[in-house]
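All remarks here apply to the structure that follows.
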Amino acid sequence: MLEKLKDIEHAGLEALQAVQDEAALEAWRVTHLGRSSDLMVVFSGLGGLSKEERPVVGQRANEVKNALEAAFADKAGGLRQAALKKSLEVEQLDVTLPGRKIPAGRLHPETQTMRELYHVFGEMGFQVYRSREVENDEFNFQLLNFPVGHPARDMQDTYFIEGGGSSDNPIILRTHTSPGQIRAMRWLSAMAPDNPPPVRIILPGMCYRFEQVTNRHETQFDQLEGLAIGPGITFSDLKGTLADFARRMFGQNTRTRFRASYFPFTEPSAEFDVECFICGGKGCAVCKGTGWLEIGGCGMVHPVVLKNGGYDPERYTGFAFGLGPQRMAMLRHHIDDIRYFWQNDLRFLEQF
Ligand SMILES: [Zn+2]
């Protein structure tokens, strides 16, 4: 019997050496330490042994059982270590691998142009004044010298907000940034009604018109308007400011020209052109051979507008100008269709 136990121990330990994974280890446990294993058969047969044999065989059987269990625990620990090591090797994080690149966003071409304009006018002493996009007829038209029924209103078809305002002063989406002129002037003149401070602001932002959408016209577009008011401001100041702006924006040698025009809120009024920065004035497809590009409108602030803003037209004069940032971006980047700006097509936006 003792010989048999020696064989059991030997066979068990030998078989354990061949075990390579958890499944084989469990199979080994069932075979060598399980209820019907040879070792357990020895235990259950102890009762049939003689009084002398029983303690000797029993003790030896316990020794074999302990040895096999210890070997089993040892092996299990070894397998766990090996598995851990393997998983560490397989799932190893290689910090030298280049990471996945996060695509960089960029500013919309319109935003880029706007920021460039802020920068240029900021250097020239203008502050940004933001005004509301939802306006009423009074501020968008009447106070700017467009009385009800004025023919110039036809140039600016409007979106009306239902249920707001009154029949003679409906709520509308602003058709230009100019109502901000009145709001800014009133805000400033309210600080010192008898002696209002000078004004030097730019008013950027979205405007809305009920337009037939074409490659040149959209129902929403940005404007950037400038306003300067103070004692003794003349048309020369306007020309000098816009000429300086053109040089800062388009290059030191850029020439400018003014053509007489009409706007209800300025008098006199002018269209403002810069020498074509694509061909240098020689004439090309972008300037349609003229050598000049239309950039915006301007003029001396109408006395009625000054008065509506709280500035005495006897003491104060001023000038205003309006630019189309999108048109500027279109000219610069040879964009031939204004509708690209708000379509959010990445194939367009990624080019800037
Ligand atoms: Zn040109």
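Every number for a ligand or one of its atoms is a count from 1 in the order of the listing.
Note on the Zn ion (ligand 1): protein N/O/S atoms under 2.8 Å are C276 SG, C279 SG, C284 SG, C287 SG.
Ring pair F72/W28 is parallel by interplanar angle, where below 30° counts as parallel and above 60° as perpendicular. Using cut-offs of 30° and 60° on the angle between ring planes, the pair F245 and F272 is tilted.
Partners of E225 under the salt bridge (charged side-chain N to carboxylate O under 4.0 Å, His left out) rule, at least two apart in sequence or in another chain, do not exist in this structure. D38 is linked by a salt bridge (charged side-chain N to carboxylate O under 4.0 Å, His left out) to nothing, counting only residues two or more places apart in sequence or in another chain. Residues that satisfy the ring pair (Phe, Tyr, Trp, His ring centres under 6.0 Å) test with H108, not counting sequence neighbours, are W342.
Between the side chains of R174 and N136, no donor-acceptor pair of N or O atoms lies under 3.5 Å.
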